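Because the structure is predicted, anything quoted here is derived from the model rather than measured. In listed order, ligands and their atoms are each counted from 1.
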Amino acid sequence: MVEAPTQPYAGRLVNIEKYFGPVCALKNINLDIGRNEIVGLIGDNGAGKSTLIKIITGVFPPTSGQLYVAGRRVNFKKYSVKRAHAHGIETVYQDRSLGEKQVLWRNFFIGRQITLPFGFINVRKEKEIANEIMLTTIGFRGKGITVDSKVSVLSGGERQGVAIGRAMHFQAELIILDEPTTALSLKEVRKVLNFVHKIKEGGKACIYISHDIQDVYEISDRFVILDRGQIVASILKEEISLKALDEFLLEYAHGLKDKEDS
Ligand SMILES: Nc1ncnc2c1ncn2[C@@H]1O[C@H](COP(=O)(O)OP(=O)(O)O)[C@@H](O)[C@H]1O
Ligand SMILES: [Mg+2]
């Protein structure tokens with residue numbers, strides 16, 4: 001059964017601008033992220049991708065412009081990473097999302113403990129839920145990894161999986177992955193990509209940033225290309241092949257170079 005969407009988008013950016021002193025990092029950013037859309041955000045180093053993500057996730061406010069999350073306008077005076085979480089926005093970074101020495105099940109409940117009447121943590125319940133997330137959402141089966149394993153025994157890809165599984169279980173509406181596959185093995189990259197497929201199947205939205213165009217192509221519904229702080233193209237996957245996208249990006253880069261040379 002398909003539920004009728006109450007909001008057409010998970011996030012909407014209107015005329016977002018961001019200056020760092022005199023440096024303009026973002027300009028005229030107008031972008032809607034659909035409620036069940038996977039957006040591949042592409043751009044060279046310094047294009048402004050992470051800055052855009054940081055505004056959405058409450059790290060810092062824009063210089064001007066508006067952000068809407070699930071249909072409600074965000075008040076930047078009160079917005080923060082914690083608020084973004086409460087609004088269903090989760091970010092998965094390379095390695096930094098989990099505590100190394102912690103056992104896995106505890107990682108699922110940081111900041112949202114299930115307690116018993118006397119305030120004790122309901123360990124049994126938390127482990128049960130963590131186990132369920134691992135089996136259903138993440139798909140860890142028969143690998144010797146249990147809810148009692150320490151984070152330090154997990155590979156990079158598995159850690160990303162836990163962070164994504166956690167975000168999915170707690171019903172994050174928009175999951176943002178900013179270069180999650182940098183320094184991962186091919187096998188681990190495959191896992192991260194499969195997790196993004198699951199975000200799509202789970203009816204949620206995602207912004208995925210990577211330099212690997214082939215990866216971005218596989219998982220995205222749409223490609224948004226950022227160049228020196230501005231969105232220069234928004235292309236639906238159904239409108240372009242991987243080869244054509246690759247050529248477009250190359251030609252675009254060459255066009256810029258020619259302009260600089262002349
Ligand atoms: N905290 C900051 N202070 C000053 N300048 C910054 C800061 N963060 C990013 N920038 C600048 O903003 C531009 C965009 O950076 P960034 O968003 O990190 O790009 P990307 O993630 O696409 O590589 C760059 O010119 C960068 O130097
Ligand atoms: Mg970046």
**Student:** Roughly how far, to the nearest 0.5 Å, is CG of Asn45 from NE2 of His211?
**Tutor:**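 Rounded to the nearest 0.5 Å, the NE2-CG separation comes to 4.5 Å.
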**Student:** Output yes when Lys127 and Asp148 qualify as a salt bridge under the 4.0 Å nitrogen-oxygen rule, no when they do not.
**Tutor:**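 Here Lys127 pairs with Asp148 in a salt bridge, since their nearest N and O are under 4.0 Å apart.
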**Student:** Please state which protein non-hydrogen atom is closest to atom 13 (C) of ligand 1 and give its distance, to 0.1 Å?
**Tutor:**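 Nearest neighbour among protein heavy atoms for atom 13 (C) of ligand 1, to 0.1 Å: Gly46 O, 3.8 Å.
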**Student:** Can you check side chain to side chain donor-acceptor pair (under 3.5 Å) on His87 and Glu173, steps first, answer last?
**Tutor:** CA-CA 8 Å; His87 284 309; Glu173 291 299 323; over 6 Å; no
**Student:** I'd like to check whether Ala47 has a polar contact with ligand 1, where a contact means an N/O of the residue lying under 3.5 Å from an N/O of the ligand.
**Tutor:**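 Yes, Ala47 has an N/O under 3.5 Å of an N/O on ligand 1.
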**Student:** For side chain to side chain donor-acceptor pair (under 3.5 Å), just list the numbers for Asp215 and Ser210, CA-CA rounded to whole Å, side-chain angles, deciding distance to a tenth of an Å, and then say yes or no.
**Tutor:** CA-CA 8 Å; Asp215 289 354; Ser210 170; 4.8 Å; no
**Student:** Between Ile42 and Ile213, is the side-chain contact (heavy atoms from CB on, under 4.5 Å) condition met? List the steps.
**Tutor:** CA-CA 8 Å; Ile42 304 171; Ile213 299 305; 3.8 Å; yes
**Student:** Would you mind checking which non-hydrogen protein atom is closest to atom 12 (O) of ligand 1, with the distance to 0.1 Å?
**Tutor:**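 Minimum-distance protein heavy atom for atom 12 (O) of ligand 1 reads Ala25 CB, 3.5 Å.
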**Student:** Got more than 12 heavy atoms from elsewhere within 6.0 Å of CG, Asp32?
**Tutor:**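 Yes, CG of Asp32 has more than 12 neighbouring heavy atoms, counting only those of other groups under 6.0 Å.
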**Student:** Considering non-hydrogen atoms of the protein only, which is the closest contact for atom 19 (O) of ligand 1, and what is the distance?
**Tutor:**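 It is Gly48 N, 3.2 Å.
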**Student:** Taking heavy atoms and a distance under 4.0 Å, where does Asp44 meet ligand 1: side chain, backbone, both or neither?
**Tutor:**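 It is the backbone that gets close, since no side chain atom is under 4.0 Å.
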**Student:** Taking backbone and side chain together, does Ser50 place any N/O/S atom at a distance below 2.8 Å from the Mg ion (ligand 2)?
**Tutor:**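 Here the distance criterion (N, O or S atom, under 2.8 Å) is met by Ser50, so yes.
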**Student:** Salt-bridge test for Lys125 and Glu128: reply yes if a basic N is under 4.0 Å from a carboxylate O, no otherwise.
**Tutor:**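 Between Glu128 and Lys125 there is a salt bridge, with a charged N closer than 4.0 Å to a carboxylate O.
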**Student:** Would you mind checking which non-hydrogen protein atom is closest to atom 9 (C) of ligand 1, with the distance to 0.1 Å?
**Tutor:**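 For this ligand atom, the closest protein heavy atom is Phe20 CE1, 3.4 Å.
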**Student:** Of all the atoms in ligand 1, which lie at a distance below 4.0 Å from a heavy atom belonging to Thr51?
**Tutor:**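 Matching atoms, with element in brackets: 9 (C), 14 (C), 15 (O), 16 (P), 17 (O).
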**Student:** Below 4.0 angstrom from a heavy atom of Asn45, which ligand 1 atoms are there? Numbered from 1 as shown, please.
**Tutor:**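 By the 4.0 Å cutoff, the relevant atoms are 23 (O).
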**Student:** How close does the nearest protein non-hydrogen atom get to atom 18 (O) of ligand 1, and which residue and atom is it?
**Tutor:**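 Nearest neighbour among protein heavy atoms for atom 18 (O) of ligand 1, to 0.1 Å: Ser50 CB, 3.8 Å.
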